[in-house]
There are 2 protein chains.
Amino acid sequence: MLHTVLSEAELQLCEAFGRLFEDGGSTRIAGRVVGWLMLCDPPHQTQAELVQGLGVSKASVSTELRQLELRGMVERITLPGDRRSYYRVAIDAWPELMARRLRVIDRCVALADEGLALLEHASDERRARLAGLRHGYVRLQAVMRAALEELRAETRAGRPGPASGKAGKRTVKASKASHEKRSKR
Amino acid sequence: MLHTVLSEAELQLCEAFGRLFEDGGSTRIAGRVVGWLMLCDPPHQTQAELVQGLGVSKASVSTELRQLELRGMVERITLPGDRRSYYRVAIDAWPELMARRLRVIDRCVALADEGLALLEHASDERRARLAGLRHGYVRLQAVMRAALEELRAETRAGRPGPASGKAGKRTVKASKASHEKRSKR
DNA sequence: CGGTTCGTTCAGTCAATACCGAACTAACTG
DNA sequence: CAGTTAGTTCGGTATTGACTGAACGAACCG
């Protein structure tokens with residue numbers, strides 16, 4: 001056995017991830033990669049394994065992985081004595097993910113504010129429309145900030161790690177399995 | 001004065017709405033329409049006014065308005081003795097909007113559940129990844145449900161309306177201004 | 001009944017971009 | 001050094017879908 005193989009059903013789940021990501025404004029392949037990294041065993045995979053397993057091009061995997069790492073959803077790890085990089089779903093992705101969502105909401109609030117500034121001397125009725133919009137977004141902003149704090153606290157608690165905040169790289173157990181030669185092709 | 005005209009700055013705000021909607025997976029024109037309806041005076045506008053004001057095609061305005069009405073962001077009203085329909089930003093859009101966001105989150109939770117079902121007999125480590133994903137989404141789901149309830153309560157409170165829940169159509173004050181003949185083209 | 005206005009629908013155009021193959025760089029191995 | 005492997009980048013292709021013009025339908029007006 002040379003590399004992770006997912007069952008038909010698991011691959012279908014990857015596709016579901018793909019569609020979800022697509023709908024969310026990302027790319028299908030990014031979603032498939034995340035899906036794969038959610039299910040695979042071991043949890044860390046090489047680019048080549050993703051290429052093989054998902055049947056997509058090297059180029060796409062490379063690009064999307066970088067994108068995902070940028071967004072904090074995937075992290076790159078290395079193993080001693082291995083030239084390749086391995087990728088796995090980020091352990092502490094949630095706070096970052098939530099923060100990103102929040103930033104969009106912030107933008108909405110800012111937009112409403114800008115509008116209210118423009119209508120400074122306009123009728124109450126006109127201002128009321130924007131004020132209502134703003135109100136809803138502020139509400140959303142508030143609850144999401146709360147959720148973000150909860151998640152941050154949880155992550156800190158669940159991950160005693162070194163004193164330094166970012167909970168440095170954790171040890172990767174040997175897992176020689178994914179460490180083999182592939183002479184074929 | 002034949003119809004609403006927005007200032008340069010206000011039009012720029014419409015564009016900002018357009019970009020926001022675009023980024024959010026909707027269309028630029030939908031955003032521009034919402035922006036216009038947020039700022040215009042009177043708050044209700046005909047399709048023709050939107051076409052004129054935004055400089056986009058009749059076809060697009062028709063399509064996007066229907067889309068926006070579908071999503072509950074815009075409502076169509078009619079005036080006595082006027083053949084045209086008027087559109088305005090929906091008064092009670094927020095609960096619906098929030099509910100829609102929630103549905104996306106639900107889908108994510110469902111996806112994680114599906115994965116967990118597939119990995120029923122897999123190692124704890126493999127299940128943990130999906131469980132973590134699920135956990136975050138459930139958290140988000142919870143706070144958003146709370147926010148939704150708050151908003152629902154507010155809307156009910158702020159809008160005494162008829163006993164029937166949905167707070168029926170409210171009176172539209174005469175506003176003859178937007179009611180004139182336009183002989184010109 | 002023509003003629004005008006309001007609105008929808010559809011087919012076509014155009015721009016954006018997801019994806020890929022191939023060329024390339026860089027690091028390692030013998 | 002030549003040869004293999006890992007990964008990035010770039011140019012091209014093909015798909016998608018936003019937007020439009022024009023044709024159409026439907027309701028009103030004389």
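Proteins get letters first, then strands, A, B, ... in listed order; numbering begins at 1 in each.
- The separation between A:Leu50 atom CG and D:dT8 atom C1' is 16 Å, rounded to whole Å.
- As a whole-Å value, the separation of B:Asp23 CG from C:dT17 P is 10 Å.
- The only option from A:Glu64, A:Glu22, A:Glu15 that meets the side-chain hydrogen bond (donor to acceptor under 3.5 Å, both in side chains) definition with A:Arg32 turns out to be A:Glu15.
- Rounded to an integer number of Å, the gap from CG of A:Leu65 to P of D:dT9 is 13 Å.
- Using a 4.0 Å heavy-atom cutoff across all strands shown, A:Ser62 reaches at least one base atom of the nucleic acid.
- Sorted by first then second residue, the side-chain hydrogen bond (donor to acceptor under 3.5 Å, both in side chains) pairs that include residues 114-124 of chain A, not counting sequence neighbours, number zero.
- Taking side-chain N and O atoms only, B:Ser60 has a distance below 4.0 Å to OP1 or OP2 of D:dT20.
- Distance, A:Ile29 CD1 to C:dG21 P: 11 Å, rounded to whole Å.
- Side chain A:Lys58 to base C:dG21: no donor-acceptor pair is found below 3.5 Å.
- The ring pair (Phe, Tyr, Trp, His ring centres under 6.0 Å) check on B:Phe21 picks up nothing, with sequence neighbours excluded.
- For A:Gln47 and D:dG7, the CD to P distance is 5 Å, given to the nearest whole Å.
- There is no path of hydrophobic side-chain contacts, each under 4.5 Å, that joins A:Val104 to A:Leu140.
- One interatomic measurement links the two molecules: CG of A:Leu68 to P of D:dT8, which rounds to 13 Å at whole-angstrom precision.
- The shortest distance between the side-chain N/O atoms of A:Thr27 and the OP1/OP2 oxygens of C:dT17 is not below 4.0 Å.
- Closest to the B:Thr63 side chain, of the nucleotides D:dG7, C:dC20, C:dT9, is C:dT9.
- Phosphate contact (OP1/OP2 of C:dG7, side-chain N/O of B:Ser85, threshold under 4.0 Å): present.
- Between the side chain of B:Arg83 and the base of D:dA27, at least one donor-acceptor pair of N or O atoms lies under 3.5 Å.
- Look at CZ on A:Arg76: it is 13 Å from C1' on D:dT8, rounded to the nearest Å.
- Counting all heavy atoms, side chain and backbone alike, A:Gly53 lies closest to A:Leu11 at O-CD2, 4.1 Å.
- In this structure, the CZ atom of A:Arg32 is 11 Å from the C1' atom of C:dA18, given to the nearest Å.
- B:Val61 comes within 4.0 angstrom of nothing in the nucleic acid, heavy atoms only.
- Picking from C:dC20, C:dT8, D:dT8 the nucleotide with the shortest atom distance to the side chain of A:Ser57 gives C:dC20.
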